[in-house]
K.L.:
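Could you have a look at this structure, given as structure tokens, before my questions?
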Amino acid sequence: MIYVYALTDLQLELEPTEGLRDSPVDVLRFPWCTALVTSVTGVPEPDELNLKRHEDVIERAMKSASVIPLRYGQTFADETALAAVIESAKSAVNELLDSFRDKIEVGVRGLLLEDQSDPSATNGISGREYMQERLKQEVARRDRTDKHSEIGQGVHRRLEAIAVDSRVSVGITERVFMSSAYLIDEKDINLFLERLHAIEEQLPAGTQLMCTGPWPPYSFADIDFRVGESHVENR
Amino acid sequence: LDRQRYSSRELALVELLDRVLHKGAVLSADITLSVADVDLVYVSLRALVASTDTARVLSRGGRSEIADTA
């Protein structure tokens with residue numbers, strides 16, 4: 001059984017690298033791409049060490065090649081089975097590898113620094129008053145969510161202008177008002193960070209942006225190549 | 001309000017889990033993501049991010065420079 005970390009273009013130059021369970025990472029070369037794999041005897045558990053190894057292998061590959069990062073946990077019976085899937089998705093693989101060349105992913109989360117709900121006392125009040133208070137709190141909560149979602153959309157609009165591609169969700173929880181990912185040309189990273197810090201300085205009090213990266217382009221490799229699909233599905 | 005300070009390691013791990021377990025291309029129908037402990041860790045860490053009021057992660061220089069600034 002082989003475990004697959006990523007597909008890369010043919011530019012890949014990978015020094016000997018340890019993968020899951022300290023096993024070596026092998027490079028399988030196909031006519032139009034490579035696959036980074038490790039021989040495994042069973043499905044590897046997604047513990048912290050293995051998850052970090054998965055990520056580390058992909059990051060090492062990114063130093064020399066365009067990479068399609070795979071979601072954790074994908075195994076194939078053998079090289080032939082993997083080759084069959086890759087063959088069926090040849091055009092999509094090539095398209096993604098081209099679009100990811102010299103690109104990195106940056107993640108941004110918008111956080112509220114404090115719980116802004118209003119826990120008014122409800123002891124000793126009538127049922128009617130209690131329900132009215134609950135309604136009032138719910139309306140206030142929705143207003144806050146709408147306001148922070150607008151802030152999140154505003155942040156996103158200013159950041160996506162620098163990105164090649166982007167994904168965003170707003171109004172995720174009471175404390176996380178946005179989560180977004182940006183596919184950025186490597187040469188634009190400083191421009192992106194300058195824009196991010198300028199936005200931060202203009203944010204309303206009580207809000208904050210959290211930025212992480214550079215990541216492999218996980219958020220933009222949102223394609224399902226599973227065998228049995230009649231087509232490549234872009235979710 | 002929980003004002004506990006959380007480590008940069010935990011925050012970086014949340015971002016790592018979010019990507020490695022939930023994103024990325026899918027080639028195989030045999031994805032193993034159903035280990036309960038990991039799911040629970042993931043939920044716990046997401047809750048952590050949602051409640052932290054001190055954490056700030058800067059991307060300058062990559063994740064190795066993640067830092068709290070409160």
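Here is how names work: the chains are called A, B, and so on, in the same order as the sequence lines, proteins then strands, and each is numbered from 1. All values below come from the heavy atoms of this structure, side chains included, with hydrogens, waters and symmetry mates left out.
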K.L.:
Does some side-chain heavy atom of A:L51 sit less than 4.5 Å from a side-chain heavy atom of B:L17?
P.N.:
yes

K.L.:
For A:Q74 versus B:A25, what's the shortest heavy-atom pair and its separation?
P.N.:
NE2-O, 2.9 Å

K.L.:
Roughly how far apart are B:L27 CG and A:L82 CG, rounded to 0.5 Å?
P.N.:
6.5 Å

K.L.:
Calculate, to the nearest 0.5 Å, the distance between atoms OH and CD belonging to A:Y218 and B:E15 respectively.
P.N.:
12.5 Å

K.L.:
Counting only heavy atoms closer than 4.5 Å, note whether A:I68 contacts chain B via side chain, backbone, both or neither.
P.N.:
side chain

K.L.:
Hey, what do you get for CG (B:L21) to CZ (A:R71), rounding to the nearest 0.5 Å?
P.N.:
9.0 Å

K.L.:
If you measure from OG1 on A:T212 to CG on B:D18, what distance do you get to the nearest 0.5 Å?
P.N.:
9.0 Å

K.L.:
Salt bridge check: are B:R19 and A:E55 linked by an N-O gap of less than 4.0 Å?
P.N.:
no

K.L.:
Go through it in stages, so that I can follow the logic: the residues are A:R109 and B:V14, the test is side-chain contact (heavy atoms from CB on, under 4.5 Å), and I'd like the CA-CA distance, side-chain angles, deciding distance and then a yes or no.
P.N.:
CA-CA 11 Å; A:R109 285 180 192 253; B:V14 172; 4.1 Å; yes

K.L.:
Could you tell me whether A:E18 atom CD has more than 12 heavy atoms of other residues or ligands within 6.0 Å of it?
P.N.:
yes

K.L.:
Where on A:I104 is there a heavy atom nearer than 4.5 Å to chain B: the side chain, the backbone, both, or neither?
P.N.:
neither

K.L.:
Between A:L7 and chain B, which part of the residue has a heavy atom less than 4.5 Å away: side chain, backbone, both or neither?
P.N.:
side chain

